[in-house]
Amino acid sequence: MPELPEVENIAQSLRDEIIGLKIKDVCVRRPNIIRGAYMRQWRKAADKLINRAITAVTRRGKRLIIFTDSDLAILVQFGMTGKFLLGTNSVPLDKHTHFYINFMFDRQLRLVDPRRFGRVWFMEHPGQSNLDQTMLNAGMSKLGLEPFGVTARQFRQLLDSKRVIKTILLDQTRIAGLGNIYVDESLFRAGLHPGGIAADIEPAQAEKLRRAVVSVLKSAIIHGGTTFSDFRNAYGEMGRFRRRLKVYQRQGSPCPRCKTPIERMVIAGRGSHFCPECQPKK
DNA sequence: ATTTCATCCTGGAGGC
DNA sequence: TGCCTCCAGGATGAAA
C-alpha cells in the first residue's frame, strides 16, 4: 500500500531513470483506471504525449506526478497494490498491467496493480513542475498539508477536533501522505492510543506526535519504504522498513518498549495496532 | 458543511 | 486436496 515513503522512493528511482527520455507510446489497457478530463478519451492524451520528453517527477501526498514538455502531466495514485515497474518492452505483459509508457531505447514503465484501486490522471499543467497550479486545475479531491512542512501551530489546529485521532491522520484532505502503517507507527512513538479524541491531546503530546510523524516518514523513506506483499520500487525491489515496524501487524508480539503483547482492533474502520501499556486509552 | 458509510477489487487465509 | 467464504485496504461519492 504505497504511502508517502513508498511513493517518494518510486519518485526518486524514476528521476534517475526516465527524466529526459522521450515517450514513444502510451497505452491504457484498462480504461476505467483513468480519471479526470481524459477519462473517456485517454487516446487523445496519449497522442499529445507521444514524442515528448519527461522533464520532472515529483510527489504530493501519496500522489506521483510525472511532468513532460507537453502541456500534459501524468498523475498516479497507487491505491492498495499499484506499483510502477521499469523494464523493457520485450517482456510479455501480465494481466495486472493496466497502463504502460514506452520510451526510446525500448525502455518501458508499467503500472501493475492486481487490486485495481490505483488511478491515473492526465492533467493540463501550465508550467514545468508547477505543482500548485496542477493540483488546482485537477478534477480531484484537494490534498491537505504536506507532513514535512507542518508547523507546531498548524498541527495543533489539525487536532482541534472531536474526531478520533487516527481518523484525522488518515484524512488526506487534512494532512496528506499517511496511511494505516505510518499512522499506527507514529501513534506508538508518541505514546498515543489510536482511538483517542484528537482535542483531548495535550499540546506537549501533540508536538511529540508531530515529530513522530516526521521522523517515522523520514526513516521509512531512507529504508526504501515498507513491503508487506505488493510494494516494490521501480526496480522491483522490496522496501526494508518492515523489520523496523514496532506495532503494525505485530499483534501478539511483545511491545519493543515494555514487552506487553501488541493488540489489534478496528478503529476508524482500519485494523489498528498498539501497545495497551505504552498507549493508554485516555 | 461536515462526517459517516458502502463500494470498488483480488489474492491470500482460514474453515470444512 | 480443493472448494467456499471472508476480509484487508485507500479514496470516492452518496447519504445522513
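Quick caveat, the model's predicted, so the values are computed rather than measured.
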Assign a letter to each nucleotide of nucleotides 4-10 of chain C from its 5' end: B, base within under 4.0 Å of a protein heavy atom; S, sugar-phosphate only; -, no contact. ----BBB
Report yes or no: is the cationic atom of A:K218 (NZ for Lys, CZ for Arg) under 6.0 Å from the centre of the six-membered ring of A:F148, at an angle within 45° of the ring normal?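 Checked: cation-pi criterion met.
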On the ring face of A:F155, is A:R211 found with NZ or CZ under 6.0 Å from the centre and within 45° of the axis?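 No, A:R211 does not sit over the ring of A:F155.
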Taking [X] for its side chain and [Y] for its backbone only, find out whether a donor-acceptor pair lies under 3.5 Å.
X: A:R63; Y: A:T58; value: no
X: A:H273; Y: A:I262; value: no
X: A:Q205; Y: A:E202; value: no
X: A:S161; Y: A:A198; value: no

Touch check for A:K162, heavy atoms < 4.0 angstrom, all strands: base, sugar-phosphate only, or nothing?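 Nothing, no heavy atom under 4.0 Å.
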Tell me: [atom1] of [X] to [atom2] of [N], nearest whole Å?
X: A:R63; N: C:dA11; atom1: CZ; atom2: C1'; answer: 9 Å
X: A:R30; N: B:dC8; atom1: CZ; atom2: P; answer: 15 Å
X: A:H96; N: B:dC9; atom1: NE2; atom2: P; answer: 14 Å
X: A:R60; N: C:dA11; atom1: CZ; atom2: P; answer: 13 Å
X: A:R119; N: C:dT12; atom1: CZ; atom2: P; answer: 9 Å

Aromatic ring pairing A:F99/A:F84, orientation class (parallel under 30°, perpendicular over 60°, tilted between):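 Because their plane-to-plane angle lies in the 30° to 60° range, the rings of A:F99 and A:F84 count as tilted.
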Pair listing, side-chain hydrogen bond (donor to acceptor under 3.5 Å, both in side chains) test, anchored in residues 4-25 of chain A, at least two apart: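 Found A:E6-A:Y182, A:E8-A:Q12, A:E8-A:R59, A:E17-A:R107, A:E17-A:Y235, A:D25-A:R43.
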Table of protein N/O atoms under 3.5 Å from nucleotides 1-6 of chain B N/O atoms:
none

Is there a side-chain polar atom (N or O) of A:K95 under 4.0 Å from OP1 or OP2 of B:dG11?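 Result: yes.
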